[in-house]
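Only one structure is covered here, and it is reproduced in the block below.
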Amino acid sequence: MRETEKTYFITTYGCQMNEHDSERLAGMLEAEGYAKADAPGDASLVLFNTCCIRENADNKLYGNLGHMKAIKDVRPDMKLVVGGCLAQKDKAAIQKRAPWVDVVLGTHNLASLPRLLEESNSGPAFEILEQTEVFPSALPSRRNSPWHAWVSISIGCNNSCTFCIVPAVRGNEVSRRLGDIVGEVEELVDDGVVEVTLLGQNVNSYGRDLDGTPMFSRLLRSLDDIEGLERVRFTSPHPKDFRADTIAAMAECDVVCEHIHLPVQAGSDRVLKRMKRAYTRRKYLEKVALVRDAIPDVSISTDIIVGFPGETESEFAETLTLVSEARYDSAYTFQYSPRPMTEAADMDGHLPKEVVQERFERLIRLQDAISLERNLRHVATTQEVIVEGASKKDATRLTGRTRHNKLVHFPSDGARDGSFRTVRITGAHAHYLEGELVEGRRESPRVRRRVSLPLVGAAAPQGRAGC
Ligand code: SAH
Ligand code: SF4
Ligand code: F3S
């Protein structure tokens with residue numbers, strides 16, 4: 001095959017970390033002379049970057065690999081690569097179940113892709129490591145968006161939530177140096193990026209492994225100084241490590257969006273304890289109250305698991321009352337899925353599917369009603385949005401995202417993706433807003449706010465220049 005015919009197609013499952021890893025894998029393939037293909041059927045290399053957070057993710061991969069076998073039978077020169085968390089979890093089992101796969105690599109060795117591809121010319125190449133050798137941020141990148149970038153601030157996780165497989169497949173927490181992160185963001189801004197999302201499994205413990213104290217608020221304050229950077233988002237803060245210094249930095253740094261994703265998982269203290277989340281319902285709600293005091297009108301979203309082993313009806317009812325009290329803008333709701341290498345998988349009291357499904361539906365009904373109520377508060381206000389593309393349902397409309405992380409559909413003026421527009425909100429639904437253009441260009445997007453906060457159980461905010 002000539003150099004120019006090398007094309008790749010990547011399918012990514014799972015979370016933003018995987019999206020970010022896929023951009024690095026694509027960057028390395030392009031550095032090797034591959035061009036992006038429009039569909040897997042056309043590509044000379046097909047890569048699945050996998051997730052294993054819930055069981056249905058496993059089934060999806062093996063289904064897809066079965067489908068790829070038929071394509072491989074017709075085009076044996078096509079390279080088939082499996083990477084990511086499920087590869088890290090299943091290790092050699094992937095090659096046993098799908099021996100037609102050419103390359104398997106895990107979460108710790110993205111940088112080995114070019115070498116493994118080379119090795120696969122003389123037979124299947126398989127490598128899973130237990131520790132990261134090269135931080136993915138050091139690898140070339142092919143970003144999916146010219147105006148938005150994922151920026152990883154730490155990899156791995158040192159927590160031991162009993163339902164979660166992530167620590168087993170992503171390893172211990174390792175933070176990147178603050179200067180390296182700021183340097184990367186500065187380069188991204190020079191390249192036209194206006195919004196970054198900071199990634200870490202527990203962003204609030206960022207830096208603890210570097211100098212013994214969490215440095216997340218310092219990082220936010222450093223990013224606030226970067227000229228040309230308009231929006232910073234981050235995911236996810238763990239409620240146990242979410243402290244007043246971070247809330248103060250969020251409130252005081254104009255660049256940080258008025259939205260926080262604060263995964264609660266459950267509303268009952270007994271369930272939280274069995275999950276080893278290390279906070280109580282009361283502590284969690286206190287943090288929500290602190291954020292709301294510091295950042296009036298802030299949007300809050302969360303993750304909730306329904307049907308954790310042993311969850312009783314009254315414990316589930318506490319999740320419902322917590323949702324009513326917290327008044328989330330939105331929630332990612334999951335049915336508990338037992339995962340290997342996790343404590344909860346061996347606990348007693350796994351619940352029948354129908355019980356979990358019925359609870360799940362009740363939770364969604366409640367959250368949808370609250371989401372609608374939260375969205376209605378925006379009606380008749382004026383919001384800055386960044387255009388994300390044509391509306392999926394109606395090509396005459398554009399979709400933009402507000403700082404509060406709300407999608408708004410509005411009549412198109414032909415704006416390109418990544419442009420700022422100002423819209424007046426004319427309608428609200430549970431999952432999106434509708435609006436009309438107020439003016440083609442925005443005014444003064446970064447409005448300076450200052451707050452003073454009680455420093456409950458927290459280190460005092462660290463000083464910084466310019467915020
Ligand atoms: N580090 C992040 C979570 C990453 S996983 C945090 O702690 O916030 C994303 C979400 O998947 C979790 O918040 C949880 O709600 C859900 N999840 C994780 N393991 C799960 C499991 N075994 N079953 C169902 N949902 C799960
Ligand atoms: Fe999983 Fe808990 Fe770590 Fe999040 S904090 S990745 S839920 S172990
Ligand atoms: Fe993310 Fe799934 Fe791995 S949620 S960290 S891709 S297990």
Side-chain angles (χ1 to χ4, degrees), residues 10-22 25 48-58 60-61 82-90 106-108 110 132 136 150 152-174 198-206 208 234-242 260-267 271-272 274-279 284 300-309 311 319 328 330-347 350-351 353 356 359-360 363:
I10 300 182
T11 303
T12 308
Y13 301 98
C15 64
Q16 296 93 335
M17 321 270 161
N18 255 18
E19 297 279 346
H20 178 259
D21 286 351
S22 286
L25 292 163
F48 291 100
N49 193 13
T50 60
C51 169
C52 57
I53 197 84
R54 283 168 291 275
E55 198 175 359
N56 53 9
D58 296 23
K60 223 188 261 174
L61 174 76
V82 180
C85 294
L86 180 50
Q88 188 74 30
K89 160 182 159 282
D90 281 4
T107 51
H108 295 296
L110 304 190
T132 298
W150 309 110
S152 105
I153 66 168
S154 61
I155 52 175
C157 179
N158 285 354
N159 293 319
S160 41
C161 306
T162 55
F163 51 82
C164 184
I165 195 172
V166 170
V169 292
R170 290 270 173 175
N172 285 340
E173 185 176 88
V174 182
L198 308 176
L199 298 179
Q201 293 297 348
N202 178 4
V203 290
N204 284 121
S205 63
Y206 164 72
R208 200 181 278 156
F234 53 88
T235 191
S236 295
H238 191 299
K240 81 176 160 63
D241 295 316
F242 186 54
I260 182 155
H261 183 68
L262 200 57
V264 67
Q265 313 299 357
V271 174
L272 288 170
R274 293 203 302 277
M275 289 178 163
K276 291 205 178 145
R277 288 291 287 181
Y279 52 83
Y284 178 90
I300 305 182
S301 55
T302 198
D303 291 346
I304 300 173
I305 296 179
V306 178
F308 187 77
E311 181 191 74
T319 294
Y328 295 113
S330 61
Y332 294 92
T333 46
F334 305 105
Q335 301 193 8
Y336 170 75
S337 172
R339 301 283 63 208
M341 301 180 275
T342 63
E343 268 184 62
D346 297 325
M347 287 179 183
H350 286 256
L351 299 177
K353 173 95 190 105
V356 181
R359 288 182 190 170
F360 184 69
L363 173 61

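In listed order, ligands and their atoms are each counted from 1.
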Decide, counting backbone as well as side-chain atoms, whether Cys161 has an N, O or S atom less than 2.8 Å from atom 1 (Fe) of ligand 2. no

Among all the protein's non-hydrogen atoms, which is closest to atom 1 (Fe) of ligand 2, and how far away is it? Cys164 SG, 2.3 Å

Keeping the roles fixed (side chain from Asn18, backbone from Thr12), state whether a donor-acceptor pair exists under 3.5 Å. no

Is Asn202 close enough to touch ligand 1? Criterion: a residue heavy atom under 4.0 Å from a ligand atom. no

Exercise: do Gln16 and Thr235 side chains pair donor with acceptor under 3.5 Å: no

Going by the 4.0 angstrom heavy-atom rule, the piece of Pro167 near ligand 2 is side chain

Closest heavy-atom approach to atom 6 (C) of ligand 1 among Gln201, Glu55, Gln335 is made by Gln201

Asn158 side chain to Glu173 backbone, donor-acceptor under 3.5 Å: yes

Side chains of Arg339 and Cys52, heavy atoms from C-beta outward: is any pair under 4.5 Å? yes

I'd like to know if the side chain of Thr162 and the backbone of Arg274 have a donor-acceptor N/O pair within less than 3.5 Å. yes

For atom 5 (S) of ligand 2, what's the nearest protein heavy atom and its distance? Asn159 ND2, 3.4 Å

Which part of Val166 is near ligand 2, with near meaning a heavy atom under 4.0 Å away: side chain, backbone, both or neither? side chain

Over 60° means perpendicular and under 30° means parallel, so tell me whether Tyr279 and Tyr284 are parallel, tilted or perpendicular. tilted

Check contact between Arg277 and ligand 2, using heavy atoms of the residue and a distance below 4.0 angstrom. yes

Answer side chain, backbone, both or neither: which part of Phe334 comes under 4.0 Å from ligand 1, heavy atoms only. side chain

Check: Arg339 N/O within less than 3.5 Å of ligand 1 N/O: no

Please check this pair: side chain of Thr302 against backbone of Leu262, looking for a donor-acceptor N/O pair closer than 3.5 Å. yes

Give me the nearest non-hydrogen protein atom to atom 5 (S) of ligand 1 as residue plus atom name, then the distance to 0.1 Å. Ile53 CD1, 3.6 Å

Separation between CZ of Arg208 and CG of Asn202, rounded to the nearest 0.5 Å: 7.0 Å

Only one of Arg54, Lys353, Arg359 forms a side chain to side chain donor-acceptor pair (under 3.5 Å) with Gln335, so which one is it? Lys353

Let me check your reading of the structure: within less than 2.8 Å of atom 2 (Fe) of ligand 3, is there an N/O/S atom from Cys51? yes

So is Ile305 touching ligand 1 or not, going by heavy atoms under 4.0 Å? yes

When you compare ligand 1 with Pro237, is there at least one nitrogen or oxygen pair between them that comes in under 3.5 angstrom? no

Determine whether a donor-acceptor pair (N or O, by modelled atom type, separation under 3.5 Å) exists between the side chain of His350 and the backbone of Ala345. yes

Provide the number and element of each atom of ligand 2 under 4.0 Å from a heavy atom of His238. 5 (S)

Residue selection (non-hydrogen contact nearest atom 12 (C) of ligand 1) among Asp303, Val306, Ile304: Asp303

Distance from Cys85 atom SG to Asp90 atom CG, nearest 0.5 Å? 11.5 Å

Gln265 and Phe163, any side-chain heavy atoms less than 4.5 Å apart: yes

Return the CG to CZ distance between Asn159 and Arg277, rounded to the nearest 0.5 Å. 7.5 Å

Check Cys15 against ligand 3 and report side chain, backbone, both or neither, counting heavy atoms closer than 4.0 Å. both

Please report the interatomic distance CG(Leu363) to CD1(Ile304), rounded to the nearest 0.5 Å. 5.0 Å

At what distance is the nearest protein heavy atom to atom 19 (N) of ligand 1, and which residue and atom is it? Phe163 CD1, 3.3 Å

Number the atoms of ligand 1 from 1 as they appear, then name those within less than 4.0 Å of a heavy atom of Ser236, with their elements. 8 (O)

Pairwise side-chain contact, Val306 with Glu311, heavy-atom cut-off 4.5 Å (strictly under): yes

Give the residue and atom name of whichever protein heavy atom lies nearest to atom 17 (N) of ligand 1, and the separation in Å to one decimal. Arg54 NH1, 3.6 Å

Short side-chain to backbone donor-acceptor contact, Ser154 and Gly200, under 3.5 Å: no

What protein heavy atom sits nearest atom 6 (S) of ligand 2, and how far off is it? Gln201 OE1, 3.4 Å

For ligand 1, which atoms, with element, lie under 4.0 Å from some heavy atom of Gln265? 12 (C), 13 (O), 14 (C), 15 (O)

Below 4.0 Å, non-hydrogen atoms only: which portion of Ser337 touches ligand 1? Side chain, backbone, both or neither. both

So which heavy atom in the protein is nearest atom 3 (Fe) of ligand 2, and how far is it from that ligand atom? Cys157 SG, 2.3 Å

Does any N or O in the side chain of Thr107 come within less than 3.5 Å of the main-chain N or O of Gly84, such that one atom is a donor and the other an acceptor? no

Judged by non-hydrogen atoms, does Arg277 sit under 4.0 Å from ligand 1? yes

As an exercise, identify every atom of ligand 3 less than 4.0 angstrom from a heavy atom of Gln201. 5 (S)

Using a strict 4.0 Å cut-off to heavy atoms of Tyr336, name the atoms of ligand 1 that fall inside it. 23 (N), 24 (C)

The protein heavy atom nearest to atom 3 (Fe) of ligand 3 is Cys85 SG, 2.2 Å

Pick one of side chain, backbone, both or neither for how Ile165 approaches ligand 1, counting any non-hydrogen atom pair under 4.0 Å. neither

re atom 8 (O) of ligand 1, the protein heavy-atom contact at minimum distance is Pro263 CG, 3.0 Å

